[in-house]
Structures are given as C-alpha cells and as structure tokens.
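Take a look at the structure below.
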Amino acid sequence: DEDTARRILIRAREVAPCLRDFGVGSEPQKDALAILRGVAKRAATIGAGVVSSQGRNGTNISYRDIKSAFFAEDISGLRSLCGDCDTTTSARPVGSFPKARPLSALWPEGEYS
C-alpha cells in the first residue's frame, strides 16, 4: 500500500532526518530499508487506524496510528544509522559563546574556572 509506505517514510524521517542523505544502494540505505520493511509488515498486521482500545461507561475509543508500528528498537536503529548527523538525540551546544561578557566587570578576579 503506497499510502502506508509514505506514512512510514514520513515517520522515519521525523525520527532520523538523515535518511534522505543516504546514497542509492549504500549500506546505510540497505540497513534502513531492512528496518522499514519490518515496520511495514508490522503496520499491515497491526493495521493503522484500527481500534486499539475501547471503554464502556466513559465511552473512550483509541485508534492505532502509524507510530504504533515502530518499536523502540526500530527507532534506535534508524537513529544509529545517522551517527553524527543525527541532531535529535544529541545535546551538544550550538554556536560559540563570547569571552568578554558584561558581567565580567562585576568580578574583577577574572574568569570562573
């Protein structure tokens, strides 16, 4: 189903944005496709949009979405393929910080180390 495949790819790019940078036929692309084929099989079995739980007196109905086809190992596997280009899980600072700051005049002793 092309629509389901497109939804899976959109979710996969959300998890690991670097997927679009893989070369055609490259090893990372083959690995990502193996993961995504497993997700697609699971989505066909689970059925996105199918009722996952129902209530009675509170009248609650929960539907499965495409995210439910991705297991934690699928998400971590896709992110691991990105390596350093994955910015979704890294907590590294971005940019540089100036040495001279206005608050340095308050402490004539110098920089805090």
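Note that the structure is predicted; figures quoted are calculated from it, not measured.
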Exercise. Please list, chain by chain and in numerical order, all residues satisfying side chain to side chain donor-acceptor pair (under 3.5 Å) with Arg13, sequence neighbours excluded.
Key: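 With sequence neighbours excluded, Arg13 shows a side chain to side chain donor-acceptor pair (under 3.5 Å) to no residue whatsoever.
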Practice problem: Using the test side chain to side chain donor-acceptor pair (under 3.5 Å), find all partners of Glu27 that sit at least two apart in sequence or belong to another chain. | Solution: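 Glu27: no side chain to side chain donor-acceptor pair (under 3.5 Å) contacts found.
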Quiz prompt | Result of checking Leu36, Val39, Ile75 against Arg11 for side-chain contact (heavy atoms from CB on, under 4.5 Å) | solution = Ile75
Quiz item: When rounded to the nearest 0.5 angstrom, what is the spacing between CG in Leu19 and CG in Leu81?
Solution: 7.0 Å
Quiz prompt | Point-to-point distance, once rounded to the nearest 0.5 Å, from CG of Leu9 to CZ of Arg7 | solution =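 If we round to the nearest 0.5 Å, Leu9:CG and Arg7:CZ are 12.0 Å apart.
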Quiz item: With sequence neighbours excluded, what pairs up with Glu73 under the salt bridge (Lys or Arg N to Asp or Glu O under 4.0 Å) test?
Solution: none
Self-check item: salt bridge (Lys or Arg N to Asp or Glu O under 4.0 Å) partners for Arg37, two or more places apart
Solution: none
Exercise. Output, in order, the C-alpha distance, side-chain angles, deciding distance and verdict of side chain to side chain contact (heavy atoms under 4.5 Å, CB included) for Val15 and Asp74.
Key: CA-CA 10 Å; Val15 168; Asp74 301 322; over 6 Å; no
Using modelled atom types and a 3.5 Å cut-off, is there a donor and acceptor pairing between side-chain atoms of [X] and backbone atoms of [Y]?
| X | Y | answer |
| --- | --- | --- |
| Gln29 | Gly25 | yes |
| Ser26 | Phe22 | no |
| Arg42 | Ala69 | yes |

Quiz item: Looking only at heavy atoms, which two atoms of Gly77 and Ile35 are closest? And how far apart?
Solution: C-CD1, 3.8 Å
Quiz item: Does Ala40 have any side chain to side chain contact (heavy atoms under 4.5 Å, CB included) partners at least two apart in sequence or in another chain, and if so, which?
Solution: Ile8
